[in-house]
Amino acid sequence: MKHYQLSKETYVEDPDLHYVKIYNKNWLQSYKDTLQLLINYFNEEYTWEGMFNLHDADTRIREGHNLFLLYSNNRAIGYVWFKELDKDTCFGYNLYVTKKVNRPKNAPAWFYNRVSGEMLRFYSTIKVEIEDWNKTVLDLVENIGYKEIR
């Protein structure tokens with residue numbers, strides 16, 4: 001397991017993306033069909049016991065987590081969650097961008113860069129944990145300015 005963090009000093013801007021930030025139950029209700037579609041895409045692509053469902057998403061939102069949905073050409077293609085660790089630090093988790101929909105190759109990096117910038121408006125540091133085998137995501141976070149911590 002490798003641990004990374006991003007600070008305001010290492011964050012690099014990238015082109016604008018279309019995303020929606022969901023931060024309360026009313027917003028989640030408005031986007032529940034979209035989130036369910038993305039959950040279905042994930043479950044068709046991967047088998048993972050820890051996969052969340054709409055009930056889990058509702059619980060996370062009630063606990064203050066933030067959900068971002070990514071769109072390409074007005075089609076939902078991904079999501080990522082963030083939760084507060086303390087007043088200065090949040091934790092990014094469950095990044096997913098589907099391969100089932102035709103989308104720009106660099107969409108995951110564009111998305112994660114942009115939402116990381118959004119979260120850095122409220123926190124000085126974002127922490128993530130990435131499995132050693134997940135070279136794609138390791139490269140992604142390094143390319144947008146996250147630095148490995150030991």
Quick one: side chains of residues 31-42, donor-acceptor pairs under 3.5 Å with protein atoms, not counting sequence neighbours, listed by atom name and distance.
| residue | atom | partner | partner atom | Å |
| --- | --- | --- | --- | --- |
| Gln36 | NE2 | Asn40 | OD1 | 2.8 |
| Asn40 | ND2 | Gln36 | O | 3.4 |

*asked:* According to side chain to side chain donor-acceptor pair (under 3.5 Å), who are the partners of Thr125, at least two apart in sequence or on a separate chain?
replied: none
*asked:* Applying salt bridge (charged side-chain N to carboxylate O under 4.0 Å, His left out) as the test, list every pair that has at least one member in residues 124-143; sequence neighbours left out.
replied: Lys135-Asp139
*Residue list, salt bridge (charged side-chain N to carboxylate O under 4.0 Å, His left out) with Glu44, at least two apart or on another chain*: Lys100
_Among residues at least two apart in sequence or on other chains, which ones pass salt bridge (charged side-chain N to carboxylate O under 4.0 Å, His left out) with Lys83?_
none
*Pick out which of Leu69, Val115, Val80 makes a side chain to side chain contact (heavy atoms under 4.5 Å, CB included) with Tyr19.*
Val115
_Sequence neighbours excluded, every pair satisfying ring-ring contact (aromatic ring centres under 6.0 Å, His included) that has a member inside residues 116-136_ = none
_With sequence neighbours excluded, residues passing side chain to side chain donor-acceptor pair (under 3.5 Å) with Arg62_ = Asp58
*Under the salt bridge (charged side-chain N to carboxylate O under 4.0 Å, His left out) test, which residues partner Glu84, sequence neighbours left out?*
none
_Listed partners of Val128 passing side chain to side chain contact (heavy atoms under 4.5 Å, CB included), at least two apart_ = Tyr4, Tyr112, Ile126, Ile130, Tyr146
*asked:* If you apply the rule ring-ring contact (aromatic ring centres under 6.0 Å, His included), what do you find for Phe68 with Phe82, and how did you get there?
replied: CA-CA 8 Å; Phe68 290 88; Phe82 290 89; 5.7 Å; yes
List the atom pairs, with distances to 0.1 Å, where a side-chain N or O of residues 86-93 and a protein N or O form a donor-acceptor pair under 3.5 Å, not counting sequence neighbours.
| residue | atom | partner | partner atom | Å |
| --- | --- | --- | --- | --- |
| Asp86 | OD1 | Asp88 | N | 2.8 |
| Asp86 | OD1 | Thr89 | N | 2.9 |
| Asp86 | OD1 | Thr89 | OG1 | 3.4 |
| Tyr93 | OH | His65 | ND1 | 2.5 |

_Quick one, Lys2 and Val141 - any side-chain contact, counting heavy atoms below 4.5 Å?_
no
*Set of side chain to side chain donor-acceptor pair (under 3.5 Å) partners for Lys105, sequence neighbours left out*: none
*Applying side chain to side chain donor-acceptor pair (under 3.5 Å), name anything that partners Asn106, two or more places apart in sequence or on another chain.*
none
